[in-house]
Amino acid sequence: MRESTTNHNLIEYLLTASKPQENETIQEIMAFMDEMPGGFLIYRDNESEEIIYANKALLRIFQCDTLEEFLEYTGSSFRGIVHPEDLENVELSIQEQIADSLHDLDFVEYRIIRKDQEIRWIEDYGHYIRLDSQDGIFYVFLLDATDKKNRHLSEKERLLQEKRQKEQKLKTLIEEYDKERKLINQEHLRRLEVIEGLSVNYDSILYADLDADRILPYRLSSRTELQFGRKFQPRQLSWYISDYVTTWVHPEDQELILKVSDPAYIRKKLATSKTYYTNYRVINNGELQYLQLRIVNVGNRERISQVVMGYRKVDEEVRREMEQKQLYEEALNTANLAINAKNTFLSNMSHDMRTPLNAIFGYTALARNHLEDSQAVTDYLRKIDIASK
């Protein structure tokens, strides 16, 4: 350990003086130390840590009236001052601080047990002096820091309580967020299931951003896989439409699909309607197939850019339409034949009936004019009967 350069004459004088109670100088020094506002303690650095001196302020801290009472209560040892639960850590801290301090200074906090058994907190500011003639000594300034410690502990507890409240609030918010997110996820899954159910007939579903000229697949068919390489990666929209039309669409329908897939046309159609569709033909493995392209606005109505493009086969529907159309045409032809036959019949019937009817109408008029001549009426009726046959 380092040699102290401190002037030790005063300390050595106090410790070696004979009958210090009769020495006027020593009495003046002790009176001065007794008037100090805080506790002051001197004890030896030996095995027993023997207390040499304690001023009146330290006696008051321990609720002792005399030095003798204080020494008896503490066992005349520094160890008797420190709370038993704190002693080991306090002594270790003092030794470490002195070893690392240029001026052999240390500061420790610990509890004491007063004579009335109340536990108090002490702030201990110590200084170690090495003496040539005997063991080194500690002289220590002690302050009752109980109120300060209690305020510190109260503040710490308040901060911990605030921290716990904030943590609980955060935990509650997280739990509520998790619940809300779970509900959102459930609703999202339900919507996806509904969308999946409603779009089950579509073999290709693509998302397109008209402003960015970008298209991303969500479901691929054997046709659209060729444009995306079986990977769900974005492509340039204009390139995709051109390549798809050239590769798959029937030559007679290519101009139509290029038209209805043009961004300007899409915006025009979706400005007045949420969706529109177009039927067209493709050639797949030499087979003619009927498809339907449906385009739906899924973005802002004010600025149409995000759309979904769905492709589905409509072979059966087109065939049914064609069959129904053929049935309608056959029914129409049959009806026209029936109408023509009826008109011919009525025309012929009119010609065959016109002559006898005119004779009947003439004889009836003559009979009405000769109602008073019964023989003439009978003759006219006989002629009407003959004409009707």
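Remember, predicted model here, so these are calculated numbers, not experimental data.
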Exercise for the section: Determine, step by step, whether Tyr207 and Val298 satisfy the side chain to side chain contact (heavy atoms under 4.5 Å, CB included) criterion, reporting the C-alpha distance in whole Å, the side-chain angles of both residues, the deciding distance to 0.1 Å, and the verdict. Expected result: CA-CA 9 Å; Tyr207 169 82; Val298 294; 4.2 Å; yes
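- Judged by the 6.0 Å and 45° rule, Lys115 forms no cation-pi pair with Phe62.
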Practice task
Any chance you could lay out the salt bridge (Lys or Arg N to Asp or Glu O under 4.0 Å) test for Arg164 and Glu167, step after step, and finish with the verdict?
Solution key: CA-CA 5 Å; Arg164 285 192 291 268; Glu167 289 176 347; over 6 Å; no
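- The residues Arg44 and Glu49 are annotated as not salt-bridged, no charged nitrogen and carboxylate oxygen being separated by less than 4.0 angstrom.
- Within 6.0 Å of CD on Glu109 lie more than 12 heavy atoms contributed by other residues, nucleotides or ligands.
- Counting heavy atoms from C-beta outward, Tyr43 and Ile52 have side chains that stay 4.5 Å or more apart.
- Annotation for Lys313: atom NZ does not count as buried by contact number, only 12 or fewer foreign heavy atoms lying within 6.0 Å.
- Within the 4.5 Å cutoff, the side chain of Leu206 has no heavy atoms near those of the Tyr218 side chain.
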Exercise for the section: Dump the intermediate steps for salt bridge (Lys or Arg N to Asp or Glu O under 4.0 Å) on Arg79 and Glu91, then the final yes or no. Expected result: CA-CA 9 Å; Arg79 296 174 184 170; Glu91 291 189 327; 3.6 Å; yes
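- Side chains of Arg219 and Ser204: no donor on one and acceptor on the other come within 3.5 Å.
- Side-chain contact, Arg294 with Tyr311: no donor N or O sits under 3.5 Å from an acceptor N or O.
- Within 6.0 Å of atom OH in Tyr265, more than 12 heavy atoms from other residues, nucleotides or ligands are found, so the atom counts as buried in its surroundings.
- The shortest distance between side-chain heavy atoms of Trp121 and Leu143 does not fall below 4.5 Å.
- Counted within 6.0 Å of CD on Gln233, heavy atoms from surrounding residues, nucleotides or ligands total more than 12; the atom is thus considered enclosed.
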Practice task
Would you check, one step at a time, whether the test side chain to side chain contact (heavy atoms under 4.5 Å, CB included) holds for Ser93 with Asp106?
Solution key: CA-CA 8 Å; Ser93 177; Asp106 67 85; over 6 Å; no
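- We find the CG-OG distance between Leu160 and Ser154 to be 11.5 Å, quoted to the nearest 0.5 Å.
- Between Tyr244 and Tyr280, the ring planes are perpendicular. Angles over 60° get that label, and only those under 30° would be called parallel.
- Within a 6.0 Å sphere centred on CD of Glu255, other residues, nucleotides and ligands contribute 12 heavy atoms or fewer.
- Here the side chains of Phe138 and Ile42 are not in contact, with every heavy-atom distance at 4.5 Å or above.
- By the neighbour-count criterion of 12 heavy atoms within 6.0 Å, atom NZ of Lys169 is sparsely surrounded, having that number or fewer from other residues, nucleotides or ligands.
- Using cut-offs of 30° and 60° for the angle between ring planes, the Phe107 and Tyr125 rings count as tilted.
- Heavy atoms of other residues, nucleotides or ligands lying less than 6.0 angstrom from CD of Glu88 number 12 at most.
- Tyr177 shares a hydrophobic cluster with no other residue; no ILVMFWY side chain has heavy atoms under 4.5 Å from its own.
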Handout entry: Chi angles and distances behind the ring pair (Phe, Tyr, Trp, His ring centres under 6.0 Å) call for Tyr240, Phe228
Key = CA-CA 9 Å; Tyr240 161 75; Phe228 293 94; 5.5 Å; yes
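- In this structure, Glu47 places its CD atom where only 12 or fewer heavy-atom neighbours from other residues, nucleotides or ligands lie under 6.0 Å away.
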